[in-house]
Amino acid sequence: HGMALVGVGDLYGFVDWANTLVIGASFEDASGFDALGWACVCRNSKYFFIDVFGRVVMEVPYSHADPFSENLAHVSQCGRSGYINRYGNIVIDLEYDDGSACAESLVGVSRGLKWGFLDSEGHMAIDWTFENVTPFSSGFASVCVDGKWGVIRKNGQVVLPYEFDEALEIYGLLVRSIRDGVVQWSL
């Protein structure tokens, strides 16, 4: 959309390709614009979505909101997390402790100390077996079990064992890992 998020002091705004401030720095928190031209912003502790002209396109009645990803936005209220669609309708009830961005039609959510994955309609896709998760990328996600990270497929099958020190970064079919302090790349 030709605009970039910028920080001006403690506030955020947006500049165009000529580095001209086109949406003033009046937000306490903000995301970049998504593919449909919406950005999640916060002013006076209230979250809402704006378009590339700075117009409010949707107010959010929750204490926190994240940007839309695959037409779902993670929201939270009173320590409970769920997901809304672009109409502001709740798609996945606010009954989880935390959640990640939707990626490849799956969201990572936590209950207590365990994470699992739901599909974009809120049905359990991969059970509560992980200490932490990252969003899926190219059909794979990094997951943590017993303090070690591995990689799973969208069906839950382990493809890299839980033996890495940090979350694995997935770039297509290339995986960056750290084991015993040594960075490794693998396919």
Side-chain angles (χ1 to χ4, degrees), residues 1 3-8 10-14 23-144 152 154 156 167 169-170:
H1 299 283
M3 293 204 296
L5 177 66
V6 294
V8 180
D10 291 337
L11 299 175
Y12 297 93
F14 297 88
I23 299 176
S26 62
F27 306 111
E28 301 151 17
D29 191 11
S31 71
F33 286 96
D34 65 21
L36 296 180
W38 288 23
C40 182
V41 296
C42 178
R43 183 186 296 134
N44 299 325
S45 300
K46 300 223 183 286
Y47 281 84
F48 52 98
F49 290 88
I50 61 170
D51 64 16
V52 295
F53 301 104
R55 297 179 300 215
V56 175
V57 292
M58 185 172 66
E59 295 185 7
V60 180
Y62 305 103
S63 60
H64 182 81
D66 289 324
F68 278 97
S69 175
E70 297 187 14
N71 291 318
L72 290 181
H74 171 253
V75 295
S76 59
Q77 182 75 29
C78 300
R80 307 307 296 163
S81 290
Y83 295 82
I84 60 171
N85 63 19
R86 288 191 186 265
Y87 299 104
N89 300 326
I90 295 174
V91 177
I92 298 175
D93 288 332
L94 278 76
E95 60 182 66
Y96 302 98
D97 295 332
D98 201 359
S100 69
C102 186
E104 300 185 15
S105 300
L106 294 173
V107 295
V109 292
S110 71
R111 249 194 200 143
L113 300 176
K114 293 294 182 182
W115 284 78
F117 289 92
L118 306 176
D119 67 21
S120 57
E121 295 177 353
H123 303 109
M124 182 57 66
I126 302 174
D127 208 8
W128 310 98
T129 54
F130 311 109
E131 296 165 9
N132 206 342
V133 301
T134 65
F136 275 87
S137 175
S138 301
F140 302 97
S142 291
V143 294
C144 183
I152 61 169
K154 289 174 71 173
E169 298 176 38
I170 301 167

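Both backbone and side-chain heavy atoms feed into the values below; hydrogens, waters and symmetry mates do not.
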Enquirer: Treating Glu28 as the side-chain partner and Asn44 as the backbone partner, does any N or O pair qualify as donor plus acceptor under 3.5 Å?
Expert: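 Yes; judged by distance alone, with no hydrogens or angles, the pair exists.
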
Enquirer: Within the side chain of Ser63, is there an N or O that forms a donor-acceptor pair under 3.5 Å with the backbone of Ser76?
Expert: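 The answer is yes, because a donor-acceptor pair under 3.5 Å joins these two groups.
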
Enquirer: Are side-chain heavy atoms of Arg86 and Asp34 found at a separation under 4.5 Å?
Expert: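 SC-SC contact between Arg86 and Asp34 confirmed.
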
Enquirer: When you measure from the side chain of Glu104 to the backbone of Ser138, do you find a donor-acceptor pair of N or O atoms at a distance under 3.5 Å?
Expert: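 Yes.
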
Enquirer: Answer yes or no: is there a side-chain heavy-atom contact under 4.5 Å between Cys144 and Phe130?
Expert: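 No - every pair of side-chain heavy atoms lies 4.5 Å or more apart.
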
Enquirer: Might you point out which heavy atoms bring Ser81 and Asp97 nearest each other, and give the distance in Å?
Expert: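 Between these two residues, the closest heavy atoms are OG-O, 3.7 Å.
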
Enquirer: Less than 4.5 Å apart, any side-chain heavy atom of Phe14 and any of Val6?
Expert: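 No; the side chains remain at least 4.5 Å from each other.
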
Enquirer: With no hydrogens and no angle check, is any side-chain donor or acceptor of Arg80 less than 3.5 Å from a backbone partner on Glu95?
Expert: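 Checking the backbone N and O of Glu95 against the side chain of Arg80, a donor-acceptor pair under 3.5 Å is found.
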
Enquirer: Classify the ring geometry between Trp38 and Phe49 as parallel (under 30°), tilted (30 to 60°) or perpendicular (over 60°).
Expert: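 Correct class here is tilted.
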
Enquirer: Are more than 12 heavy atoms from other residues, nucleotides or ligands located less than 6.0 Å from atom CG of Asn89?
Expert: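 Check passes, neighbour count above 12.
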
Enquirer: Any side-chain heavy atom of Cys40 sitting closer than 4.5 Å to one from Phe68?
Expert: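 Contact flag for Cys40/Phe68 side chains = no.
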
Enquirer: Evaluate the side-chain proximity of Tyr12 to Val41: yes if any heavy-atom separation is below 4.5 Å, no if none is.
Expert: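 Not touching, per the 4.5 Å side-chain cut-off.
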
Enquirer: Do the side chains of Ile126 and Phe136 get nearer than 4.5 Å, heavy atoms only?
Expert: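 Side-chain contact under 4.5 Å: yes.
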
Enquirer: Answer yes or no: is there a donor N or O on one side and an acceptor on the other, between the side chain of Thr134 and the main chain of Ala141, under 3.5 Å?
Expert: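 No; judged by distance alone, with no hydrogens or angles, the pair does not exist.
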
Enquirer: Got Val75 and Tyr47 here, is their nearest side-chain heavy-atom distance under 4.5 Å?
Expert: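 They are not in side-chain contact.
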
Enquirer: Among Leu118, Ile90, Val109, Asp93, exactly one meets side-chain contact (heavy atoms from CB on, under 4.5 Å) together with Tyr83. Which residue is that?
Expert: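 Looking at Leu118, Ile90, Val109, Asp93, the match for Tyr83 under the side-chain contact (heavy atoms from CB on, under 4.5 Å) is Val109.
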
Enquirer: Can you name the residues that form a salt bridge (Lys or Arg N to Asp or Glu O under 4.0 Å) with Asp66, not counting sequence neighbours?
Expert: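 Not a single residue meets the salt bridge (Lys or Arg N to Asp or Glu O under 4.0 Å) criterion with Asp66.
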
Enquirer: With sequence neighbours excluded, what pairs up with Phe48 under the ring-ring contact (aromatic ring centres under 6.0 Å, His included) test?
Expert: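 Phe48 satisfies ring-ring contact (aromatic ring centres under 6.0 Å, His included) with no other residue.
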
Enquirer: For the pair His74 and Asp98, evaluate side-chain contact (heavy atoms from CB on, under 4.5 Å) and give the outcome as yes or no after the intermediate values.
Expert: CA-CA 9 Å; His74 171 253; Asp98 201 359; 3.9 Å; yes

Enquirer: Quick one, Val91 and Ser120 - any side-chain contact, counting heavy atoms below 4.5 Å?
Expert: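 Side chain of Val91 against side chain of Ser120, heavy atoms only: no contact under 4.5 Å found.
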
Enquirer: Side chain of Glu70, backbone of Ser105: donor and acceptor closer than 3.5 Å?
Expert: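 Indeed, once roles are kept as given, a pair shorter than 3.5 Å links the two residues.
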
Enquirer: Please walk me through it: do Val133 and Val143 pass side-chain contact (heavy atoms from CB on, under 4.5 Å)?
Expert: CA-CA 4 Å; Val133 301; Val143 294; 3.8 Å; yes

